Amino acid sequence: MRYAWSPEQPAGRLNEKCEAALLYSNANTQFSELNIFEQLWAAWYLWIGNPTIATGLMSFLMHEVVYFGRCVPWIIIDTIPYFKKYKLQPNKVPTKKEQWECTKLVLFSHFTIELPAIWLFHPLNEAVGMSTWQVPFPAWQTMVGQVILFFFFEDAFHYFGKPSSFKANIHKIHHKYSAPFGLAAEYAHPVEVLILGTGTLAGPFLYCAYFKDLHVLTVYCWVILRLFQAIDAHSGYDFPWSLRNIFPLWSGAEHHDFHHMAFTNNYSTSFRYLDYIFGTDNKYRAYKARVAAEKLKSTKSGVSEETWKKKVEEEVEQDGILAEAEAEKGAWGRESAIGWAWWGNNKTKTE
């Protein structure tokens with residue numbers, strides 16, 4: 001692959017289109033030694049010309065394609081009766097009207113909040129020393145380790161940012177759907193959108209500011225996987241092959257669905273260990289025990305699973321309404337006292 005430009009080009013055209021070409025020239029980039037993906041990466045920056053626009057546009061397009069592309073399979077699954085047996089709240093399948101209303105708010109958020117903010121992404125990357133237009137890419141082993149680290153950082157960031165009446169009041173918008181679906185993953189208050197974005201990008205920025213060894217491609221891989229995680233967690237389905245059944249530390253839809261149904265517990269995004277350590281899964285575990293007991297009882301009494309499960313879910317949802325009211329008064333996260341008592345070795349008691 002070869003890129004060349006002539007100094008005889010009109011000055012205005014040169015200044016407009018050759019910023020990226022000059023960067024590659026000054027870096028003495030050997031295009032012939034690049035693989036096909038690295039060549040395509042460089043071609044994008046050379047085609048756009050301005051690295052800030054190239055990074056911003058690629059970031060926004062990547063987010064939109066991945067987000068809505070990942071939602072499509074879940075929309076299709078909702079229309080196929082066979083999969084209803086895997087639905088965590090089978091009596092609550094989203095209607096077309098609900099999906100469209102959700103989509104409109106998500107798109108509004110994307111274009112009015114994320115799109116303007118995303119143009120700061122390239123300047124911020126450069127400020128912390130992150131590679132953007134540079135090729136070749138880092139080794140995949142390095143990228144995997146960094147992405148895993150970002151998963152744990154974001155999970156902790158989201159968890160420890162939970163207990164406040166302020167956040168509870170804005171978070172209730174996200175809880176409009178007590179039985180979530182994929183499109184609702186980014187259905188949220190504008191302030192919460194910014195908070196979630198901060199949690200996703202703070203890890204990479206802090207890492208790069210300290211180690212000076214991070215490529216934006218790694219960040220894209222991380223964001224793509226984070227989007228998959230968020231959408232799948234809101235899908236409302238738990239399959240035998242779901243990741244949480246293979247990797248028990250993973251939260252998955254089964255874990256997060258209860259958070260929507262009960263407006264409490266299970267605050268972590270990707271993993272379960274923080275909720276377990278600090279006791280913020282106590283109601284969730286009680287619910288699981290109740291479901292197991294009811295299931296055993298139904299085998300003897302002959303009561304259908306749909307009947308007793310609907311009753312249990314309605315009770316949990318009513319408790320959730322009370323939990324929402326308490327949260328707005330500043331009592332959100334109070335159930336974590338058990339966990340904090342264990343952690344601090346004191347005798348704190350909960351209600």
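None of the values given here were measured: they were computed from a predicted structure. These values consider heavy atoms only, across backbone and side chains, with no hydrogens, waters or symmetry-generated copies.
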More than 12 non-hydrogen atoms from neighbouring residues, nucleotides or ligands closer than 6.0 Å to CZ on F108, yes or no?
no
Would you confirm whether the ring centroid of [Y] sits within less than 6.0 angstrom of the ring centroid of [X]?
| X | Y | value |
| --- | --- | --- |
| F37 | F137 | no |
| Y86 | F239 | yes |
| Y187 | Y177 | yes |
| H174 | H234 | yes |
| F31 | Y24 | yes |
| Y273 | Y159 | no |
| W47 | W44 | yes |
| F60 | F111 | yes |

Residues E101, K176: salt bridge by 4.0 Å N-O rule:
yes
Electrostatic pair R272-E254, nearest N-O below 4.0 angstrom
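Yes, this pair counts.
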Give the cluster check for L40 versus V65: same hydrophobic cluster or not, with ILVMFWY residues linked at side-chain heavy-atom distances below 4.5 Å.
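As far as the 4.5 Å side-chain criterion goes, V65 and L40 are not connected within one cluster.
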Please name the pair of heavy atoms, one in M143 and one in T218, separated by the smallest distance, quoted to 0.1 Å.
CG-OG1, 3.3 Å
What are the two closest non-hydrogen atoms of Y220 and S59, and how far apart are they?
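That closest heavy-atom pairing would be OH-OG, 2.6 Å.
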